[in-house]
Amino acid sequence: MWFMRQAGRSLPEYRAVRADRGMLECCFDTETIVELTLQPVRRHHVDAAILFSDIVVPLRAAGVGLEIVAGTGPVIASPVRTRDDVHDLPALDRASVGAIEAAVTELARELSDTDVALIGFAGAPFTLASYLIEGGPSRTYQRTKALMREDPSTWNDLMGRLTNITVEFLRVQLDAGVDAVQLFDSWAGALSDAEYRTYVLPHSARVFAEVADYGAPRIHFGVGTGELLTAMADAGPEVLGVDWRVPLATAVSRVNRPVALQGNLDPTVLFAGETVVDREVARVIDDADAAIAAGAVGHIFNLGHGVLPDTDPGVLTHVVELVHSM
Ligand SMILES: Cc1c2[nH]c(c1CCC(=O)O)Cc1[nH]c(c(CCC(=O)O)c1C)Cc1[nH]c(c(CCC(=O)O)c1C)Cc1[nH]c(c(C)c1CCC(=O)O)C2
């Protein structure tokens, strides 16, 4: 078990490190990456560390002008909207993520004599494209969907370039020693199954195919993707992340390949007091047992999306203890 966004603002020790330093600055500093990755492991005794980074880090490393604005998210200096903008998108040079490679090497060494796994990650092409095209977070993805439908050739060119960046970023992490990788297609749930299959699935499937040779488990996750679970499993991962909207036993009935499931406690449950927390954790575990009986390969306990910044870290530690006792 581990928590998406287990490192971050829910932890006072994270806020202390970030007090006078920008998010991206921290993401390119080896010592800081190592420290922030290990903080939640020390505090909560989760079974996996997730590399402290962000989905926009490889874009920044490739030279895209962007910032991560607190309370907002990634903001792109010059949004990518035309064929020429797409042609200008640079490739990722390994040397530009040397600080991250060094951090993974150090983390893999520090965790080697423990049972704690190290998980690497990257943003999926669609979610990265949505930030580049919209220029920042969006509720509607209107420009992204317009480009996708109106000019599939420019869209596929952009998605192909983002796929290359994502593959290279994952390979750097896998070469340096991560045990598993997660592909975050956080906002793919904005698409219908048909459009996901036409415009997104081939690219995400290529990401999975191009890192398959490492033999490391590959996790595929998105939010609000209940209707896309069949297609997201078809992309080829060993593990499918499920948000809280779909029970795990229902999720397994939607996939046509053998996959393990990850999830899916609603992150807002952690605000409801111990009786509710205990009941809901037990419900997820029971549901996971039912999913395994119905063919799921296994279950990784997690939230259905990231830890919310106001979460009481004591409640997170309690959930870890509870899951480990069950
Ligand atoms: C969509 C997305 C992003 N980044 C990420 C995703 C996919 C996961 C998801 O769906 O939540 C992935 C991510 N971002 C971060 C991690 C670190 C590891 C971990 O999970 O603990 C991971 C896995 C650190 C971070 N990434 C960010 C923070 C907060 C930075 C701060 O302290 O201000 C952290 C710890 C910033 C960020 N970066 C992004 C957002 C939406 C935000 C939050 C903006 C805000 O609410 O302030 C883009």
Side-chain angles (χ1 to χ4, degrees), residues 1-29 32-44 46 48-60 64 66-76 100 103-104 107 116-132 134-139 141 144 166 169-170 173 178 180-190 219-225 241-244 262-264 267 302-311 313 316:
M1 72 162 301
W2 61 285
F3 299 115
M4 290 187 278
R5 297 286 185 100
Q6 63 192 16
R9 283 168 290 182
S10 66
L11 301 184
E13 57 271 35
Y14 170 84
R15 293 197 296 268
V17 171
R18 280 292 320 284
D20 52 359
R21 303 174 63 203
M23 172 68 188
L24 279 171
E25 181 193 336
C26 292
C27 288
F28 284 94
D29 182 72
T32 309
I33 299 168
V34 171
E35 167 61 18
L36 292 177
T37 301
L38 293 176
Q39 282 182 350
V41 178
R42 285 189 210 115
R43 180 189 270 264
H44 301 309
V46 280
I50 178 149
L51 179 69
F52 184 82
S53 190
D54 194 84
I55 59 167
V56 296
V57 162
L59 299 177
R60 174 68 271 192
V64 175
L66 62 88
E67 288 302 329
I68 296 180
V69 179
T72 300
V75 175
I76 312 297
I100 293 140
V104 174
L107 285 161
V116 178
L118 179 60
I119 303 175
F121 74 92
F126 174 80
T127 291
L128 294 177
S130 80
Y131 281 110
L132 287 178
E134 304 294 335
S138 172
R139 273 185 300 118
Y141 307 96
T144 307
T166 291
F169 192 49
L170 291 175
Q173 297 172 54
V178 298
V181 289
Q182 175 154 326
L183 189 67
F184 281 98
D185 211 350
S186 300
W187 314 136
I219 311 168
H220 201 186
F221 170 76
V223 185
T225 46
V242 182
D243 82 3
W244 62 91
Q262 174 174 279
N264 66 345
N302 206 316
L303 303 179
H305 196 192
V307 172
L308 293 163
D310 298 334
T311 306
L316 290 168

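Every value quoted in this text rests on a predicted model; they were computed, and no experiment measured them. Computed over heavy atoms, backbone and side chain alike; hydrogens, waters and symmetry mates excluded. In listed order, ligands and their atoms are each counted from 1.
Near Tyr14, meaning under 4.0 Å from one of its heavy atoms, ligand 1 places the atoms 30 (C), 31 (C), 32 (O), 35 (C). Of all atoms in ligand 1, listed by their number and element, those nearer than 4.0 Å to a heavy atom of Phe52 are 35 (C). Within ligand 1, the atoms closer than 4.0 Å to a non-hydrogen atom of Ser53 are 14 (N), 15 (C), 16 (C), 17 (C), 24 (C), numbered from 1 in the order shown. Near Ile50, meaning under 4.0 Å from any of its heavy atoms, are these atoms of ligand 1: 18 (C), 19 (C), 20 (O), 21 (O).
Ring-plane geometry between His44 and Phe3 is classed as perpendicular, the angle between the planes exceeding 60 degrees on a 0 to 90 degree scale with a lower cut at 30. Between His305 and Trp187, the angle of the ring planes goes over 60°, which puts this pair in the perpendicular group of the 30/60° scheme. Classification of the Tyr141-Phe126 ring pair by plane angle, with boundaries at 30° and 60°, yields tilted.
Contacts with ligand 1 closer than 4.0 Å are made by no heavy atom of Gln182, backbone or side chain. Residue contacts with ligand 1, taken as heavy atom pairs separated by less than 4.0 Å, do not involve Val307 at all. Both the backbone and the side chain of Arg5 come within contact range of ligand 1, each with a heavy atom under 4.0 Å. The proximity of Pro74 to ligand 1, defined as any non-hydrogen pair under 4.0 Å, is limited to the side chain.
A distance-only check finds a donor-acceptor pair linking the side chain of Gln6 to the backbone of Ala48 [under 3.5 Å]. For the pair Thr37 (side chain) and Phe52 (backbone), a donor-acceptor distance under 3.5 Å is present. Judged by distance alone, with hydrogens and angles left aside, the side-chain atoms of Asp185 form no donor-acceptor pair with the main-chain N or O of Gly222 at under 3.5 Å.
By the neighbour-count criterion of 12 heavy atoms within 6.0 Å, atom CD of Glu35 is densely surrounded, having more than that number from other residues, nucleotides or ligands.
Counting protein heavy atoms only, atom 31 (C) of ligand 1 is closest to Arg18 NH1, 2.9 Å. For atom 8 (C) of ligand 1, the nearest protein heavy atom (residue, atom name, distance) is Phe184 CD2, 3.3 Å. For atom 4 (N) of ligand 1, the closest heavy atom belonging to the protein is Asp54 OD1, 2.9 Å. For atom 25 (C) of ligand 1, the nearest protein heavy atom (residue, atom name, distance) is Met23 CE, 3.2 Å. Annotation: atom 36 (C) of ligand 1 to nearest protein heavy atom, Ile68 CG2, 3.5 Å. Scanning all protein heavy atoms for the shortest distance to atom 45 (C) of ligand 1 gives Arg9 NH2, 3.1 Å.
Once rounded to the nearest 0.5 Å, the distance linking CZ of Arg42 with CD of Glu13 reads 8.5 Å. Interatomic distance, Leu170 CG to Leu183 CG, rounded to the nearest 0.5 Å: 6.5 Å. Atom CZ of residue Phe169 and atom CG of residue Leu59 lie 9.5 Å apart, to the nearest 0.5 angstrom.
Considering backbone and side-chain atoms alike, Ala7 places an N or O below 3.5 Å from some N or O of ligand 1. Considering both main-chain and side-chain atoms, Gly71 comes within under 3.5 Å of ligand 1 through a nitrogen or oxygen pair. At least one N or O atom of Ser186 sits closer than 3.5 Å to an N or O atom of ligand 1. On a distance-only criterion, His305 and ligand 1 share at least one N/O pair closer than 3.5 Å.
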Could you walk me through whether Leu51 and Ile100 pass side-chain contact (heavy atoms from CB on, under 4.5 Å), step by step? CA-CA 9 Å; Leu51 179 69; Ile100 293 140; 4.0 Å; yes

Set out, in order, the CA-CA distance, both residues' side-chain angles and the distance that settles side-chain contact (heavy atoms from CB on, under 4.5 Å) for Phe121 and Ile50, then state yes or no. CA-CA 8 Å; Phe121 74 92; Ile50 178 149; 3.8 Å; yes

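Distances from ligand 1 to the non-hydrogen atoms of Leu51 include at least one value under 4.0 Å. Residue contact check for ligand 1: Gly306 places no non-hydrogen atom closer than 4.0 Å to it. Heavy-atom distances between Phe3 and ligand 1 stay at or above 4.0 Å for every pair.
Which of Phe221, Trp2, Tyr131, Phe121 comes nearest to atom 1 (C) of ligand 1 through a heavy atom is settled by distance: it is Tyr131.
The pair Arg139-Glu134 fails the salt-bridge criterion, with no side-chain N (NZ, NE, NH1 or NH2) lying under 4.0 Å from an Asp/Glu carboxylate O.
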